Amino acid sequence: MNRKGKFFIIFMLIWSLIPLIWGIRTSLLSNNDLYVRPLKYFGTDMSSYRELFFGKIAVKFFMATKNSFKTSILGTISGIIITIPCAYVFSKYEFILKKTLYALIILVLAIPFYTIMIPLYRLAVDYSIIDTQIILIIIYVCGYSPMSFLIMKLYFDAVPIELEEIGMIEGASKLRRFFTAARLIAPGIVAASLIMFFNIWSSFVVPLIFSMKKTKPLTIFITEFVGKSSVNYSIMTTAGIVTLIIPIILVCVFNRYFIDGIITISK
Amino acid sequence: MKNKFIVFMILPFITLLMVFIYYPFFKSIYNSFYNFNFNTREFIGIENYIRVIKEVHRETFFNTAMYVFFSVITEIVIACPLAYILKNKFKGRGLVIALLILPWITPPAVNGVIWRWIYDGSYGLLNDILMKLSIIDNSKVWLASRLSSLLLIGVVHVWKVIPFMTLVFLSQLQKIPKELYEAGRVDGLKENQILVKLIIPMMKSTLCLMALQGIISAVQIFDEVYVLTGFSLDTRSLMIEDYLMIFSNLKMGQGTALALIVMTVSTLPMLLYRSIRIEKEKI
Amino acid sequence: MKKIILCIMLAGLFIACGEKKEKQVEGKKITVLVAPWYSFPETLLKEFTAESGIEVEVENLAWDSMKNKVVTAVSAGTSPADVAQFTGGWVGSLGKAGYFEDLSGYLTEEDKKDMANIPLFSYEGKLFGIPTYNDFRLTYINKKKFTDAGIEIPTTIKELSASLEKLNTVEKGSLMVPYSATSATATPWFLMTKAYGGEVFDKNWNPLFAEKGSAGYKAMEFLINSYKNQLVDPNAVTYSGSDIVSNFKNGKGAVDLAGWSGNVTVYTAEDSKIKDDVQAILVPGLDGNSRTYSLAESFGIPAKAENKAEAIEFLLWLNRKDTMKKTFTEMGIFPNRISVIKELSKEGKLPFGDVVAETLPRIETLFVNAKPAWYSQFVTETVTVVNQMAKGSISVDEGLNKLSDFSIRVRDEK
């Protein structure tokens, strides 16, 4: 990588991280210390962290973490499982209505949530699934899967025709060919999964409307630190920083698989 | 046989979308021709749409357009080269990627709060740094003037979206075989020429997709604007206007109408362009 | 790779199974949907359960989020909880739609007299909510800054203006008022309109403020000129109500003009930098006649709630004198019973109790009539216009005319 590239990377790192570092600093100051000049650049006040992990709100906090985690994992798994076959078929086969259905899938990306929120809420209440994991997962799958679908379809498109033809000559069943292809695009699956997971993890408006106490995720929990006449920014930021930890771990773990995957054509 | 297979593979997904997205969606469209008042309902045809066009504050159009232009251009211009640099292995690449992704996975509430304390007129980081570097003499209230607040909010939005785009570009770049790069180098092309002349044409469909996604995401901008500047007309976006219509004015019909108009206007050009291109390529 | 996928799937299955194991609670239960400052301590709720056998499940949501949820639920024809919080502004719009259960039959006449704000939540003879947080406006000053500058406590608007200017020579930004486009920005203007001896609307909902010389006009001039003459921190165009409180609490500024009643506890708390310097005073009025208005919140029971009987029991318990005292001392919820305020003041548990007692008879409703269905829209437009005027994009004349036209339009809309 040449020097320009290096500078660019360093610049992007600084640009990405400074706000977060500032966030950590905010979380390490008591709320009053935020209104002080000259600005305090470092904080050592762990009271927000203590409050979050051991204080009165710890129970709610852990519950929210569990909910976020649960929903994100289940949502991702369901979404990916449902979309892989679809992406494969759209990539490899022709059939009537293909263009229409394709357009319909992509169009979902453009539909603003407000347009479907109220009828969807009604639907959920009518079938008694409001405030359950199920309705949240369904909405996430419907809302975020089109992106996964597109990513995986693009990957499937790149699987060379020769592989297909080998499969056909060898008389492998369609299903078998599908599984082979699916295995080949493993990095694409990982990429799509990560993207889906992060989208669900940071989702706000959906759980706002569709979840109540039992399924409240971290994104909503964070907003609860608004008092009647003042906002406790310190603890809000603390909660926010902590919610970043799980995604960070995931990214580190799956990084290898995602990055190193290059389609190897084996004969 | 083949048909059964196809149906079996796509049915779950399509059905889900039909039931949980399109059914509510069409119901909403249907509702937008009625005047709702919780218990009563009367048919008023396209009056909701007319009212919306008359009543929407003009400033929101300008603001949203600014957000869209700034965001999409910045995002693609930064994400593309970034992904290109990241596609090659280098020491610490895993860590770099993990760090670069952080802005995207920061929850929206936290996002707003963090940037608030950067842009704050008295206690913000931005003012402090600029003063320390002697670029300005006194703290400025950045979020008070229109252009600077539009720009700064755009920055927050872009900060959040770039990692996502970079990831998608990166995953597509992985598919391009190394031989292509080799061929380019053999031909004597420099790195950025390879990027522009060889790679980008291959990524056309991804670029289109990301441009579309960027437009949609910028048109629907809400959190950043609300947390930093409230309902101020200087920076109000169309989605905030929509939010006010539904939750403050309690005009569901109009709110839905506005959302539909926004959706159409933001996606139509892109989709038309794509379908024309696809037609062209078929020939 | 495969192993990891397998692990994840197993984890998913475990989690899914864990879901089903949740116990079904026997007995009666109610859900309560309220803002975060009503995070009832477990001990308090347990007292209620012990007494009544009803379990209470409290859900706290930030005010905006809660509003969204309530509106969505109502539009879908359902109830968001058994007990839901709402403000006076919703009475008109939601009351008309039959959203609430009528609670008037459950309070005695004595109760109704003792409780403030009952008219605020009544609509066409029905009572839609039992007022809970008795929020009204009070002015707070940093007494130390006043004494250091040799100024007396202002009781008229003229005195207020003079004090602000003098204090500003010592330290800029003496007046603490928000000008951002958030809901708290409308309050100072409403308050000052009353202080100038007028009203925002007349009894037929004609806007009175566009006329030059009306109380509303003068009030707006006062506020905008204060900003332009730097009596207010220039940052105030980005400050919301809570920013004003946080800044004042940390020693900035000298006058919190439209302060919350609940701040009697906030400003005197241990962590407040001004706890020894702060003083509550009556809102300065035109000829010393102080007026203020109420922004109480209340709890109501949606008509479509499932457990109405139990919900009513909870509400009545919450509004008992002893419970109300506890919610004040433990949670800072400003009591809604006049008798409780007097008792707490006598016991020394209510800071500035004497000023509060003096203010009580001066608390009015915001408007001459109950708040209209278009109140929310009006407030949003008001704060937008104030924000523009402070920034100088439009003049006071233009702004007030714009607001006036707007209110006429929404008033006459069907």
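Everything quoted here is computed from the prediction, not taken from an experiment. Below, read A as the first sequence line, B as the second, and so on, with proteins coming before strands; counting in each chain starts at 1.
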Problem - Interface residue of largest heavy-atom contact number with chain C, from B/D234, B/I246, B/L233, under 4.5 Å - result: B/L233

Handout entry: Part of B/Y123 lying under 4.5 Å from any heavy atom of chain C
Key = side chain

Fill in the blank from the handout: The reported gap from CD in C/Q388 to CD in B/E59 (rounded to nearest 0.5 angstrom) is 6.0 Å

Exercise for the section: Would you give the length of the straight line joining atom CG of B/L244 to atom OG1 of C/T384, rounded to the nearest 0.5 angstrom? Expected result: 7.5 Å

Handout entry: Stepwise side-chain contact (heavy atoms from CB on, under 4.5 Å) check, C/K391 with B/S232
Key = CA-CA 10 Å; C/K391 288 186 189 170; B/S232 170; 3.3 Å; yes

Exercise for the section: Rounded to the nearest 0.5 Å, what's the gap from OH on C/Y239 to CG on B/D120? Could you check? Expected result: 5.5 Å

Practice task
Could you check which of C/T72, C/T185, C/D243 has the highest count of heavy-atom pairs closer than 4.5 Å to chain B?
Solution key: C/D243

Practice task
Grab the two heavy atoms, one from C/T182 and one from B/G230, that are nearest each other, plus how far apart they are.
Solution key: CG2-CA, 4.1 Å

Exercise for the section: Check the surroundings of atom CD1 in C/I408: do more than 12 heavy atoms from other residues, nucleotides or ligands lie under 6.0 Å from it? Expected result: yes

Exercise for the section: Under 4.5 Å heavy-atom distance to chain B, tell me which part of C/S180 shows up: side chain, backbone, both or neither. Expected result: neither

Practice task
Answer yes or no: are there more than 12 heavy-atom neighbours, outside C/K371 itself, under 6.0 Å from its atom NZ?
Solution key: yes

Practice task
Indicate yes or no: at least one non-hydrogen side-chain atom of B/M245 is less than 4.5 angstrom from one of C/Q377.
Solution key: no

Problem - Other residues, nucleotides, ligands: >12 heavy atoms within 6.0 Å of C/E306 CD - result: no

Problem - Considering all heavy atoms, the nearest B/S122-C/D233 contact - result: OG-OD2, 4.0 Å

Exercise for the section: Check the surroundings of atom NZ in C/K126: do more than 12 heavy atoms from other residues, nucleotides or ligands lie under 6.0 Å from it? Expected result: no

Handout entry: Over 12 foreign heavy atoms within 6.0 Å of NZ, C/K172
Key = no

Practice task
Report the distance from atom CD of B/E241 to atom OG1 of C/T380, rounding to the nearest 0.5 Å.
Solution key: 10.0 Å

Problem - B/R146-C/S393 side chain donor-acceptor pair, cut-off 3.5 Å - result: no

Exercise for the section: Let me know if C/F378 has heavy atoms under 4.5 Å from chain B in its side chain, its backbone, both or neither. Expected result: neither

Handout entry: Proximal component of C/D64, with respect to chain B [non-hydrogen, under 4.5 Å]
Key = both

Completion exercise
Honestly, the part of B/R116 sitting under 4.5 Å from a heavy atom of chain C is side chain

Problem - Neighbour count above 12 (heavy atom, 6.0 Å) for B/Y22 OH - result: yes

Problem - More than 12 heavy atoms from other groups under 6.0 Å of CZ on B/F61 - result: yes

Problem - C/E413 and B/R51 ion-paired at < 4.0 Å - result: no

Exercise for the section: Test C/T238 against B/T229 for side-chain contact (heavy atoms from CB on, under 4.5 Å), laying out the working first. Expected result: CA-CA 6 Å; C/T238 61; B/T229 50; over 6 Å; no

Problem - Neighbour count >12 (heavy atoms, 6.0 Å) for atom NZ, B/K54 - result: no

Problem - Spatial distance of atom CG (C/N68) from atom OH (B/Y243) [nearest 0.5 Å] - result: 4.0 Å

Fill in the blank from the handout: On a heavy-atom basis, the closest approach of B/S248 and C/S376 is O-CB, 3.1 Å

